[in-house]
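Notes to accompany the following structure.
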Number of protein chains: 2
Amino acid sequence: MTRSQQEQEQEFHAVTLERPSIVDARDAVADGIDRGALVTVFGRCTVEYDGRASSTLDAGDRHVMLKPDGAALVHTDEGQQPVNWQPPGCDHEVSCERRDADADRSDAAENAGGTGTETETETTGTTETLTLESVRSTPDERLLVRFRNVLQVSAFSGTDETELALSGTEEDLRQRLLDEPDLLEPGFTPLATERDTAAGAIDIYGEDDAGRTVVVELKRRRVGPDAVSQLRRYVDALGRDLHADATVRGILVAPSVTDRAKRLLTEHGLEFISLEPTAT
Amino acid sequence: MTRSQQEQEQEFHAVTLERPSIVDARDAVADGIDRGALVTVFGRCTVEYDGRASSTLDAGDRHVMLKPDGAALVHTDEGQQPVNWQPPGCDHEVSCERRDADADRSDAAENAGGTGTETETETTGTTETLTLESVRSTPDERLLVRFRNVLQVSAFSGTDETELALSGTEEDLRQRLLDEPDLLEPGFTPLATERDTAAGAIDIYGEDDAGRTVVVELKRRRVGPDAVSQLRRYVDALGRDLHADATVRGILVAPSVTDRAKRLLTEHGLEFISLEPTAT
DNA sequence: CGTTCCATATCGCTA
DNA sequence: TAGCGATGTGGAACG
């Protein structure tokens, strides 16, 4: 094995502790963070969040992931979304805390202090907690996870230089229409994309065969009222930007529209063309 | 230890395999899924998705989570969001596949078939893959993760009966305004919430001290043009629903607005009141 | 189921 | 950094 291969191998590994002590867990998490690893902790914990909003979560068994870019994720056994999280850019800190054994059940006891209740209880078995804290600024946000029981700590190292190749996006729909403008209507001529107006940028700006200005708003999927409002904003703004007498057509391009959106389109003299991001 | 405690203990545990064989990994994943555990796999894999859109991801080291509710998450070491995923409601399947060693680098070789290239290569060391597949319908979607190298498989069992307590939401802002209507303006009287119109439901519907109809749209944070359009839709719709001569005021309530939104408000004769979800 | 709208939305781009 | 709009948005409430 060459030196290069050794280094690569060294980068691709996992360290796992099962049922570690709180202190061992702390050391493993700290080491993983220091080495730029992706760290996971599974166990019984409470969660507190304060920042754009505030939340608390009582004790339960959850999976926590700390990423080297500063992101933090707390997952329960349900849902695609984490129950609590922190965006990339945070500083992760890990520590041990000696807490009142009742504190995790009721934060009312948080300020009780060492009043002799630090003995073990039959339900918790320990008064020590593994504390994970992820903090960032702009906006100021703080996530706090306290484990009273840790079943597993892991630190994963690896490489991922690849990029996702995705198709079926609004960008694909745009290319499809620019490649074949007649899909909108015969004689349509695209003149610009992302054309700026006082209300924002128009997806596709062009002219119809009669020389009338056309504003095209693209959506990759079935649309509701919000997309109609968006198109309307652009048509209004362009009408002001150009002469007051100029005729501006607004066309929504999407696979389909809801009934309410259809009504709004009609109400405001806007049009709809059914088109999907990829050819069927 | 009582029987009840034993059962509870049995529910809270983790099974971990480090550097398992592909076959052992398959068995551990299958067992975890069968037992309703949260299963994680870390290793070098490729990912394919097809459904609402389509995507492919070349080989890299990633963390995969399979939840008992059918959700699947593929995480790299960066970003809060998974690089690929599947929503709850999927069926997870796990299997071993014998594949052409080059197949994971280029799917062009996928249909090559057994043409004698199944010998091990120096870079992969094996031609077997651990394949995770998560499928659902409505819409038809399929996620396929193929591991060439598995560093860890874990299956976590636990309980989480708690619910998140969250504050600082739009609902809090609504309650704040309903409790103290003068925060909007002296003499404001709320008459209904979620009042339905042809354009959708109004957050708060009421009257000012002069008996004029008031439409209030709430946002928990700083708003842009979309919120103004939304308010405008409701005001327009209510104007049609009521008599044509009725005066309808539209008031946007949020912590702050962007310049462009401010301009749109003025353009359409709408108003703005600065208010946050929670008292400062 | 589909529709509608909120979200600690997140993410990428641009001025 | 803030604004703006897309997202395989996800999720809940409602019809």
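Just so it is clear: chains get the letters A, B, ... in the order the sequence lines come, proteins before strands, and each one is counted from 1.
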Give the rounded distance in Å between these two atoms: [atom1] of [X] and [atom2] of [N].
X: Q86(A); N: dT10(C); atom1: CD; atom2: C1'; value: 13 Å
X: I204(A); N: dA6(D); atom1: CD1; atom2: P; value: 13 Å
X: I202(B); N: dC6(C); atom1: CD1; atom2: C1'; value: 17 Å
X: D172(A); N: dA6(D); atom1: CG; atom2: P; value: 15 Å
X: N84(B); N: dG10(D); atom1: CG; atom2: P; value: 12 Å
X: R232(B); N: dC5(C); atom1: CZ; atom2: P; value: 16 Å
X: E194(B); N: dC14(D); atom1: CD; atom2: C1'; value: 10 Å
X: L144(B); N: dG8(D); atom1: CG; atom2: C1'; value: 16 Å

Under a 4.0 Å threshold between the charged nitrogen and the carboxylate oxygen, would E48(B) count as salt-bridged to R142(B)?
no
So OG1 of T76(A) and CG of D69(B): to nearest 0.5 Å the spacing works out to 8.0 Å
Strictly below 4.0 Å: does [X] bring a side-chain N or O up to OP1 or OP2 of [N]?
X: W85(B); N: dT9(D); value: no
X: R52(B); N: dG10(D); value: yes
X: R220(A); N: dT9(D); value: yes

In whole Å, what separates the C1' atom of dA6(D) from that of dA7(C)?
16 Å
Would you call the rings of H75(A) and H75(B) parallel, tilted or perpendicular, taking 30° and 60° as the class edges?
perpendicular
Plane angle bin for F156(A) and H63(B) - parallel if under 30°, tilted between 30 and 60°, otherwise perpendicular:
perpendicular
If you restrict it to nitrogen or oxygen atoms, what contacts under 3.5 Å exist between nucleotides 3-5 of chain D and the protein, and what is each distance?
from   : atom 1 : to      : atom 2 : distance (Å)
dG3(D) : OP1    : R222(B) : NE     : 2.9
dG3(D) : OP1    : R222(B) : NH2    : 2.3
dG3(D) : OP2    : R222(B) : NE     : 3.1
dC4(D) : OP2    : T258(B) : OG1    : 2.6
dG5(D) : OP1    : A199(A) : O      : 3.3
dG5(D) : OP1    : Y234(A) : OH     : 2.9

Protein-nucleic acid N or O pairs under 3.5 Å, nucleotides 11-15 of chain C:
from    : atom 1 : to     : atom 2 : distance (Å)
dC11(C) : OP1    : Q80(B) : N      : 2.8
dC11(C) : OP1    : Q81(B) : N      : 3.0

Do the side chains of R176(A) and V253(A) get nearer than 4.5 Å, heavy atoms only?
no
Can you confirm whether Q80(A) sits close enough to K67(B) that some side-chain heavy atom of one is under 4.5 Å from a side-chain heavy atom of the other?
no
Between W85(B) and the options L73(B), V47(B), V64(B), the side-chain contact (heavy atoms from CB on, under 4.5 Å) test singles out L73(B)
Result of checking D172(B), T193(B), D203(B), I204(B) against L177(B) for side-chain contact (heavy atoms from CB on, under 4.5 Å)
I204(B)
Side chains of T162(A) and D160(A): do they bring a donor and an acceptor to under 3.5 Å?
yes
With a 3.5 Å cut-off and no angle check, do the side chains of E141(A) and Y49(A) form a donor-acceptor pair?
yes
Is T169(A) touching bases, backbone alone, or none of the nucleic acid, heavy atoms closer than 4.0 Å?
sugar-phosphate
By nearest nucleotide on DNA chain C, pick out whichever of S137(B) and R136(A) is the more 5' one.
S137(B)
Using the closest heavy atom to pick a nucleotide of DNA chain C for each, name whichever of T138(B) or S54(A) lands nearer the 5' end.
T138(B)
